[in-house]
Amino acid sequence: GARPPSQPATVWQRLLALLEALPCEPELEQLFSQRRKARDWRRDRRSAARRLGAAWAGPLWRRSTAWRRHFAAVRGPELQFWYSAQHALSGVTPVLVVSLGDARLVDDALASDNLPVLTLHAPLKSKPDVHREWRLAAAHHRDARALQRCICDRADDSRAAAAADAPATPPPEVKKGL
């Protein structure tokens with residue numbers, strides 16, 4: 001129970017409170033196990049991105065009729081999806097390839113509090129004329145921001161390259177009337 005503020009705590013009471021606050025060995029082992037899994041997951045993800053030559057790689061949920069988990073990577077001007085990182089690393093053809101050349105993100109891309117959702121307007125690589133809306137959910141807000149920067153950078157790069165490749169047209173002549 002609570003004691004009045006005028007009574008000081010004894011040394012034994014302080015020691016007992018300290019011992020109750022310390023975690024026991026099974027709790028510590030569970031904590032360390034979770035940290036090891038997280039560290040291994042980050043290491044595997046960085047390794048996969050490096051081996052694929054991707055600017056960003058990691059788990060990504062894609063909304064079609066339902067949310068589906070994929071391993072995704074931004075490689076060149078494309079966002080590629082596989083069912084797992086093992087498929088990507090073993091050379092399996094991606095199940096979906098979205099072109100980032102004309103892609104744009106909706107302004108309120110990080111509106112969700114519990115799951116960062118990006119809304120991407122982009123065409124499939126196989127159908128470049130038809131833009132579709134892609135709802136993508138990242139594992140963490142940090143991942144969503146990194147993916148957002150990567151997509152925007154890729155779209156800006158491809159637009160700049162397209163503008164550089166376009167033939168320069170002379171300005172139209174202006175006829176002056178009397």
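Residue indices begin at 1 and follow the sequence shown. Every heavy atom of this structure was used, including side-chain atoms; hydrogens, water molecules and symmetry mates were not.
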Review point. Can you list the steps and then say if Gln30 with Ser33 is a side chain to side chain contact (heavy atoms under 4.5 Å, CB included)?
Key: CA-CA 5 Å; Gln30 182 181 11; Ser33 173; 5.6 Å; no
Point to revise | Intermediate values then yes/no, side chain to side chain contact (heavy atoms under 4.5 Å, CB included), Leu96 and Arg62 | key: CA-CA 11 Å; Leu96 179 68; Arg62 176 179 62 94; 3.5 Å; yes
Point to revise | Leu100 and Glu78: CA distance, side-chain angles, deciding distance, side chain to side chain contact (heavy atoms under 4.5 Å, CB included) verdict | key: CA-CA 5 Å; Leu100 297 177; Glu78 298 173 344; 5.7 Å; no
Point to revise | Intermediate values then yes/no, side chain to side chain contact (heavy atoms under 4.5 Å, CB included), Phe71 and Leu89 | key: CA-CA 11 Å; Phe71 178 79; Leu89 294 173; over 6 Å; no
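A single hydrophobic cluster is not seen to contain both Phe32 and Leu22; linkage of ILVMFWY side chains at heavy-atom distances under 4.5 Å, directly or through other members, places them apart. Linking Ile, Leu, Val, Met, Phe, Trp and Tyr residues whenever their side-chain heavy atoms come within less than 4.5 Å leaves Leu52 and Val74 in two separate clusters. Hydrophobic clustering, with ILVMFWY side chains joined whenever heavy atoms are under 4.5 angstrom apart, keeps Leu16 apart from Val11. Linking ILVMFWY residues whenever their side-chain heavy atoms come closer than 4.5 Å, directly or via other members, places Tyr83 and Val98 in the same cluster.
Contact check on Glu29 versus Arg36 returns a salt bridge, with a Lys/Arg side-chain nitrogen under 4.0 Å from an Asp/Glu carboxylate oxygen.
Within a 6.0 Å sphere centred on CZ of Arg35, other residues, nucleotides and ligands contribute 12 heavy atoms or fewer.
Closest approach of Ala57 and Arg45 over heavy atoms only: O-NE, 2.7 Å. Closest of all the heavy-atom pairs between Cys150 and Trp56 is SG-CB, 4.1 Å. For the residue pair Trp41 and Asp143, the shortest heavy atom distance occurs at CH2-OD2, 4.4 Å. When every heavy atom of Ala144 is checked against every heavy atom of Leu118, the shortest pair comes out as O-CD1, 3.9 Å. Closest of all the heavy-atom pairs between Pro23 and Leu28 is CG-CD2, 3.7 Å.
A side-chain contact (heavy atoms from CB on, under 4.5 Å) with His70 is found for exactly one of Trp82, Trp61, Phe81, namely Phe81.
With Ser90 contributing its side chain and Gln86 its backbone, the two residues share a donor-acceptor pair below 3.5 Å. The closest donor-acceptor contact from the side chain of Gln34 to the backbone of Leu31 lies at 3.5 Å or more, if one exists at all.
For the pair Leu136 and Thr119, the minimum side-chain heavy-atom distance is 4.5 Å or more. Residues Cys24 and Glu27 form a side-chain contact, since some pair of their non-hydrogen atoms from C-beta on lies under 4.5 Å apart. Taking 4.5 Å as the limit, some side-chain heavy atom of Leu120 sits within range of a side-chain heavy atom of Leu79.
Of the inter-residue distances, the one linking Arg51 atom CZ with Asp44 atom CG reads 10.0 Å to the nearest 0.5 angstrom. Note: Ser99 OG to Gln80 CD = 11.0 Å, rounded to the nearest 0.5 Å.
Geometrically, Arg69 does not engage Trp67 in a cation-pi contact defined by less than 6.0 Å to the ring centre and at most 45° from the axis.
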